[in-house]
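Presented below is the structure to which this report refers.
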Amino acid sequence: MPNWVAGLMEEGGYATVALLMFLENVFPPIPSELIMPLAGYAAHRGELNIGLVVAFGSLGSLAGALLWYCVGRWLGCERLKRIAARHGRWLTVSPQEIDQADAWFDRHGAKAVLIGRLVPAVRTLISVPAGLSGMSLRRFVIYTSIGTVIWTTLLAAAGWLLGNGYDQVSAYMAPVSNAIVGAIALWYAYRVATFRSSRRRDERERQPDRP
């Protein structure tokens, strides 16, 4: 853990925990797998209260999730479909796939948000399709809050319980996060490389059979 982060946490306390968790959800400079265990460790040393650490960490994380949800609601499926029709290769998605994803999210949105908030890397991205699909703000807040509180509690508790061995949390969690991010990057590269053939296949399927 960078020393400057520990210094910020010592000076800013709960506000720093909330800010770092907000930034982690918007543009993750430092993963929550390192922020929350360190805050839990600070609580173990008596510098912070573990309950307030979880509360402020969850609030910051939820604020970041709401930002991306609002981006999704502002963008909307129809506007995204128009963008995909022009720049689908780099978005790696066609208008037809957006319709399919929207239908899937309508059926499984609550479960996707709840579970997605417990998965590194995915936990930030899941807020966008929730907004795109038009999931109600109330429903989104309920399910993302449940997942967020579970996630921050587990990480803070790990740092608190491990005490001086809190670095062991990052030793296990950081490789998992890196593996997931790497898998997403590989998947994106594959989709960009094969998008043209996928689009042509979709167009062939939409064409009526000729006698």
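One-based numbering along the sequence shown. Every heavy atom of this structure was used, including side-chain atoms; hydrogens, water molecules and symmetry mates were not.
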[atom1]/[X] to [atom2]/[Y] distance, rounded to the nearest 0.5 angstrom?
| X | Y | atom1 | atom2 | answer |
| --- | --- | --- | --- | --- |
| Leu48 | Phe56 | CG | CZ | 10.5 Å |
| Ile115 | Ile150 | CD1 | CD1 | 10.5 Å |
| Thr153 | Met36 | OG1 | CE | 7.5 Å |
| Trp160 | Arg45 | CH2 | CZ | 14.5 Å |
| Arg117 | Ser145 | CZ | OG | 8.5 Å |
| Leu23 | Ile35 | CG | CD1 | 8.0 Å |

Determine which pairs satisfy side-chain hydrogen bond (donor to acceptor under 3.5 Å, both in side chains) with at least one residue from residues 68-77, sequence neighbours left out, and list them in order.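 Applying side-chain hydrogen bond (donor to acceptor under 3.5 Å, both in side chains) to every pair that reaches into residues 68-77, excluding sequence neighbours, yields Tyr69-Arg73.
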Check for me, please, whether [X] and [Y] land in the same ILVMFWY cluster - side-chain distances under 4.5 Å, paths through other members count.
| X | Y | value |
| --- | --- | --- |
| Leu137 | Val149 | no |
| Leu118 | Tyr143 | yes |
| Leu66 | Leu59 | no |

Please confirm whether the backbone N or O of [Y] pairs with a side-chain atom of [X], one donor and one acceptor, at under 3.5 Å?
| X | Y | answer |
| --- | --- | --- |
| Tyr14 | Asn49 | yes |
| Thr152 | Thr148 | yes |
| Thr144 | Phe140 | no |

Kindly indicate whether the side chain of Val54, heavy atoms from C-beta on, has any atom under 4.5 Å from the side chain of Ser58.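 Of all side-chain heavy-atom pairs linking Ser58 with Val54, at least one is under 4.5 Å.
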Which pair of heavy atoms, one from [X] and one from [Y], lies closest together, and at what distance?
| X | Y | value |
| --- | --- | --- |
| Ala112 | Ile126 | O-CG1, 3.6 Å |
| Leu132 | Gly72 | CD2-O, 3.4 Å |
| Arg139 | Ala110 | NH2-CB, 3.6 Å |
| Ser61 | Asn25 | OG-ND2, 3.0 Å |

Testing Leu114, Val113, Val141 one by one against Ile146 for a side-chain contact (heavy atoms from CB on, under 4.5 Å), which residue passes?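 Among Leu114, Val113, Val141, the one meeting side-chain contact (heavy atoms from CB on, under 4.5 Å) with Ile146 is Leu114.
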